Number of protein chains: 2
Amino acid sequence: MPTSSRFVVAVHALAAMAVGDGAPLRSEDLAASANTSAVVIRGLLSRLHQAGLTGSQLGAGGGALLAKPAARIRLLDVYAAVEDTALFTLHRMPPLGGCAVGGNIQEALRPVLDGARAAMEAELARVTIADIAADVARLGKFALPLRRG
Amino acid sequence: MPTSSRFVVAVHALAAMAVGDGAPLRSEDLAASANTSAVVIRGLLSRLHQAGLTGSQLGAGGGALLAKPAARIRLLDVYAAVEDTALFTLHRMPPLGGCAVGGNIQEALRPVLDGARAAMEAELARVTIADIAADVARLGKFALPLRRG
DNA sequence: TGAATTGTCACTGTGATCGTTACACACCAT
DNA sequence: ATGGTGTGTAACGATCACAGTGACAATTCA
């Protein structure tokens, strides 16, 4: 299945904003750090903005900013903002309704798949962008806040 | 990061074998119930066979059979057998190593993503094909075992 | 022997992701 | 105000995995 790297790249961008000293970060700089293109970053920032996680400052010296403290942005919020496909894909074509199995398999499976998805999301809800930024700083052996450069 | 429809279809096929009375099920019949093609089913059965979950009987009157009791086949086993892609996709191109964030983001993220994946898999490990078959029977208002047809 | 069924290959169509180019619009500095 | 800077979005193409189809050798039962 074609998998999306949007979630990881979005967390990357948000962590960069959290690590920075509050100065706006240009999409071009975020793209360089994540090794992708500025348009891809802007597409992600558009989704994050709609979700209320980031804001943008236009014009010279502008860029992307966190819309709220990094400690209040959960990874689950990022996940919900940038991922649109369901975790589990059901049958592409609906199964045979007349069949004893085909007519009931999706309903039998739904609570299980919902539970698995909820368990995964609960883990993502326990971690914030601030946590990730702190771990990045620890691994990189530098202190927060960091001047951008 | 979504799964393919293979997982759901594979569970569908295994549940059909569990619901049946132990008679081999042809790939063509499984395909009809799941509203897909027999070749797709055979591809899944090939993976399930390699994982030791099913067996096949060639020739006339042949078909697919469970290789062990349905109560001992966990959904996690099915998931592992038929899904190739990782739950979370990392950066398509490695992030900029020289950057404070790019050089550490993947390592900072790994424990979180591993935890989320483990939480989801733990839920899938709690349910067996026998559970699904029982739920299918309950929803379809029929008793197990069921004669095939 | 002959029919039936699996197992696997090659080819095709479809959809999503991702990269690139392009351009209108908004904002800041001078 | 004016030009440079940066965002926001659309269009296009390349790539990849998934899924569907047809075909065929190999195997096994009737």
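Bear in mind that the values here come from a model prediction, so they are computed numbers and not experimental data. Proteins get letters first, then strands, A, B, ... in listed order; numbering begins at 1 in each. Any value given below was found using the heavy atoms of this structure, including those in side chains, with hydrogens, waters and symmetry copies removed.
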Trainee: D:dG6 P sits how many Å from A:Ile41 CD1, rounded?
Mentor: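 The answer, rounded to whole Å, is 16 Å.
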Trainee: Scan the side chains in residues 64-77 of chain A for donor-acceptor partners under 3.5 Å anywhere in the protein, sequence neighbours excluded, and list what turns up.
Mentor:
residue : atom : partner : partner atom : Å
A:Arg74 : NE   : A:Asp77 : OD1          : 3.4
A:Arg74 : NE   : A:Asp77 : OD2          : 3.3
A:Arg74 : NH2  : A:Asp77 : OD1          : 2.9
A:Asp77 : OD2  : A:Arg74 : N            : 3.0

Trainee: So with a 6.0 Å cut-off around CZ of A:Arg47, is the heavy-atom count from everything else above 12?
Mentor: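 It does: A:Arg47 CZ has more than 12 such atoms within range.
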Trainee: Between P on C:dT17 and NE2 on B:His91, what's the gap in Å once rounded to a whole number?
Mentor: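 Taking NE2 of B:His91 and P of C:dT17, I get 17 Å after rounding.
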Trainee: For B:Ser56, report the nucleic acid contact type (base, sugar-phosphate, nothing); a contact means any heavy atom under 4.0 Å.
Mentor: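 Since only primed, P, OP1 and OP2 atoms lie under 4.0 Å of B:Ser56, the category is sugar-phosphate.
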Trainee: Within the pair A:Arg6 and C:dT17, is there a side-chain N or O less than 4.0 Å away from OP1 or OP2?
Mentor: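 It does, given that an N or O in the side chain of A:Arg6 lies less than 4.0 Å from OP1 or OP2 of C:dT17.
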Trainee: Round to a whole Å and report the spacing from CG of B:Leu30 to P of C:dT6.
Mentor: 8 Å
Trainee: Please determine whether a side-chain nitrogen or oxygen atom of B:Arg26 lies at a distance below 4.0 Å from atom OP1 or OP2 of C:dT6.
Mentor: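 No, because none of the side-chain N or O atoms of B:Arg26 sits under 4.0 Å from OP1 or OP2 of C:dT6.
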Trainee: Write down the distance between CZ (B:Phe7) and C1' (D:dA19), rounded to a whole number of angstrom.
Mentor: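 Atom CZ in B:Phe7 sits about 18 Å away from atom C1' in D:dA19.
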Trainee: Nearest-Å distance, CZ (A:Arg47) to P (D:dG8)?
Mentor: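 For the pair A:Arg47 CZ and D:dG8 P, the rounded distance is 14 Å.
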Trainee: Side-chain donor-acceptor contacts of residues 95-107 of chain A below 3.5 Å, not counting sequence neighbours, with atom names and distances?
Mentor:
residue  : atom : partner  : partner atom : Å
A:Asn104 : ND2  : A:Ala100 : O            : 2.9
A:Gln106 : NE2  : A:His91  : ND1          : 3.1

Trainee: With the criterion being N/O to N/O and under 3.5 Å, what pairs connect the protein with nucleotides 22-29 of chain C, and how long is each?
Mentor:
none

Trainee: Taking CG from A:Leu48 and C1' from D:dT7, how many angstroms apart are they, rounded to a whole number?
Mentor: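 Atom-to-atom, A:Leu48 to D:dT7, this comes out as 15 Å.
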Trainee: Do the side-chain N and O atoms of B:Ser33 and B:His12 include a donor-acceptor pair separated by under 3.5 angstrom?
Mentor: yes
Trainee: Can you name the salt bridge (charged side-chain N to carboxylate O under 4.0 Å, His left out) partners of A:Arg117, sequence neighbours left out?
Mentor: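 For A:Arg117 the salt bridge (charged side-chain N to carboxylate O under 4.0 Å, His left out) partners, ignoring immediate neighbours, are A:Asp114, A:Glu121.
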Trainee: Using a cut-off of less than 4.0 Å, is there contact between a side-chain N or O of A:Ser4 and OP1 or OP2 of C:dA16?
Mentor: no
Trainee: Looking for any heavy atom pair under 4.0 Å, which part of the strands does A:Ser46 touch: base, sugar-phosphate only, or nothing?
Mentor: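 Since only primed, P, OP1 and OP2 atoms lie under 4.0 Å of A:Ser46, the category is sugar-phosphate.
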Trainee: Between B:Ser27 and C:dT5, is there a contact of a side-chain N or O with OP1 or OP2 at under 4.0 Å?
Mentor: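 So the side chain of B:Ser27 is outside the cut-off, no N or O lying under 4.0 Å from OP1 or OP2 of C:dT5.
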Trainee: Mind checking if B:Gly63 touches a base, just sugar-phosphate, or nothing, with heavy atoms under 4.0 Å?
Mentor: sugar-phosphate
Trainee: For A:Met93 and A:Glu28, find the nucleotide of DNA chain D closest to each by heavy atoms; which residue's nucleotide sits nearer the 5' end?
Mentor: A:Glu28
Trainee: How many Å lie between CZ on A:Arg92 and P on C:dG15, as a whole number?
Mentor: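 Rounded to the whole Å, the gap is 8 Å.
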Trainee: In whole angstrom, give the distance that lies between atom CG of B:Asp29 and atom C1' of C:dT6.
Mentor: 14 Å
Trainee: For B:Asp135, what residues pass the salt bridge (charged side-chain N to carboxylate O under 4.0 Å, His left out) criterion, not counting sequence neighbours?
Mentor: B:Arg138
Trainee: Under the salt bridge (charged side-chain N to carboxylate O under 4.0 Å, His left out) rule, what pairs show up with a residue in residues 52-63 of chain B, not counting sequence neighbours?
Mentor: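 Of all non-adjacent pairs touching residues 52-63 of chain B, none passes salt bridge (charged side-chain N to carboxylate O under 4.0 Å, His left out).
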Trainee: With a 4.0 Å limit, can you tell me whether B:Ser5 has a side-chain N or O closer than that to the phosphate oxygens OP1/OP2 of D:dC18?
Mentor: no
